[in-house]
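These notes concern the structure reproduced below.
Indexing begins at 1, ligand by ligand and atom by atom, following the structure's order. Values below: every heavy atom of this structure, side chains too, minus hydrogens, waters and symmetry copies. Keep in mind the model is a prediction, meaning the values are calculated, not measured.
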Amino acid sequence: MTLLHTAWPAPGAPGTVLGGVAIGELFKTPDAGWPLQRLRAPLLSASAAFLQEVWHTSNPVTSGHSDGIHWRRNVDVLYGVIELPEDACAATGDTSPLQAASQLVYERVFGLLRTQGLPHLWRVWNYLADINGESHGLERYRQFNQGRHTAFVQAQRDTGGQVPAACAIGVAAGPLSVAFLAGTSPLVPLENPRQVSAWNYPAQYGPRAPTFSRAALACPRGQEVLFVSGTASIVGHETLHAGDVAAQCVESVRNIECMVQEANRVARSGRPFSLEGLSHRVYVRHATDADAVQHALAPLLRGAPVVCVQADICRADLLVEVESQAIHPMPAA
Ligand code: 3EB
């Protein structure tokens with residue numbers, strides 16, 4: 001099994017596409033035949049209006065549509081995408097439509113993983129409209145956290161500790177969109193010694209804490225994958241450098257560096273992870289900050305590939321968030 005993550009089209013990429021994401025102006029993205037997440041957010045300072053990133057596998061795949069999830073899998077890894085418009089879910093009692101939609105999406109994902117026999121959720125990409133907006137007396141990101149948390153509890157899953165790496169990002173409009181990678185083998189969750197674990201955030205950040213780990217190591221056959229979750233200028237549980245996007249970049253990279261260190265304590269491929277060996281996606285709240293962000297990040301990330309997207313971050317005082325990943329081959333046994 002080889003998992004390969006590339007920009008599309010990837011000349012000479014071996015094997016089959018498992019699934020992927022299209023980012024940018026996507027009004028006419030053709031149906032790819034494989035699971036495709038549409039991230040409807042402007043690319044910043046890119047040469048194209050949109051780009052695709054795909055996961056390849058060298059093993060045979062099967063695919064399907066179950067419960068609104070388009071998925072494709074090989075023997076040990078599954079990539080799936082589910083999009084659910086909130087207005088498909090009614091508000092009931094004090095449950096908002098977004099909370100209900102979030103719970104339903106995760107229930108469906110857990111149901112699929114059960115029937116497909118890949119119980120371990122490794123990495124989740126969550127996108128929702130108007131993430132900092134408020135309704136039903138609660139910020140929408142916090143509504144999402146409630147629905148996600150309830151689904152984890154009802155599926156009798158861990159809500160702290162053994163939880164996936166993730167991001168939760170705001171876009172202008174559109175359905176709740178969730179893509180995920182899951183596997184037959186458990187992940188190794190990693191936490192940041194500089195930060196309170198997100199699943200342990202105090203109640204000032206909402207009635208239910210976010211269900212994600214700061215990073216995860218996953219082992220598809222023959223490989224070791226490091227997923228660093230969306231990482232922002234948070235130390236302890238507090239936002240630092242409100243209003244200063246360059247300083248938020250520096251703090252975010254410090255946090256990612258810590259996750260690289262944590263990963264290297266447990267990595268087994270024999271080759272250490274490093275900042276410059278990761279590929280990064282950067283979410284910038286204000287398009288006008290794009291240059292400042294690129295200036296701040298370029299020397300820190302030392303030439304590593306960076307895709308820059310305009311999107312909202314889950315706390316109103318956060319201006320930038322960075323997520324990262326790397327795939328290392330395992331030495332032959
Ligand atoms: C933070 O550290 C910033 O809710 O899945 C980062 C990554 C953030 C994932 C999520 C939220 C999530 O709290 C926000």
For Cys258, all residues meeting side chain to side chain contact (heavy atoms under 4.5 Å, CB included), sequence neighbours excluded: Asn192, Arg194
Verdict with reasoning, Glu86 to Arg140, per side chain to side chain contact (heavy atoms under 4.5 Å, CB included): CA-CA 12 Å; Glu86 282 163 54; Arg140 284 167 52 78; 2.7 Å; yes
Please tell me whether [X] and [Y] have a donor and an acceptor in their side chains that are separated by less than 3.5 angstrom.
X	Y	answer
Thr95	Gln146	no
Ser63	Trp34	no
Tyr106	Asn126	yes

Phe180 six-ring face occupied by Arg148 cation (under 6.0 Å, within 45°): no
Identify the protein atoms, limited to N or O, that lie within less than 3.5 Å of an N or O atom of ligand 1, and list each pair with its distance to 0.1 Å.
| residue | atom | partner | partner atom | Å |
| --- | --- | --- | --- | --- |
| ligand 1 | 2 (O) | Tyr201 | OH | 3.2 |
| ligand 1 | 2 (O) | Arg214 | NH1 | 2.7 |
| ligand 1 | 4 (O) | Tyr141 | OH | 2.5 |
| ligand 1 | 4 (O) | Arg148 | NH2 | 2.7 |
| ligand 1 | 5 (O) | Arg148 | NH1 | 2.8 |
| ligand 1 | 5 (O) | Arg148 | NH2 | 3.4 |
| ligand 1 | 13 (O) | Tyr201 | OH | 2.7 |

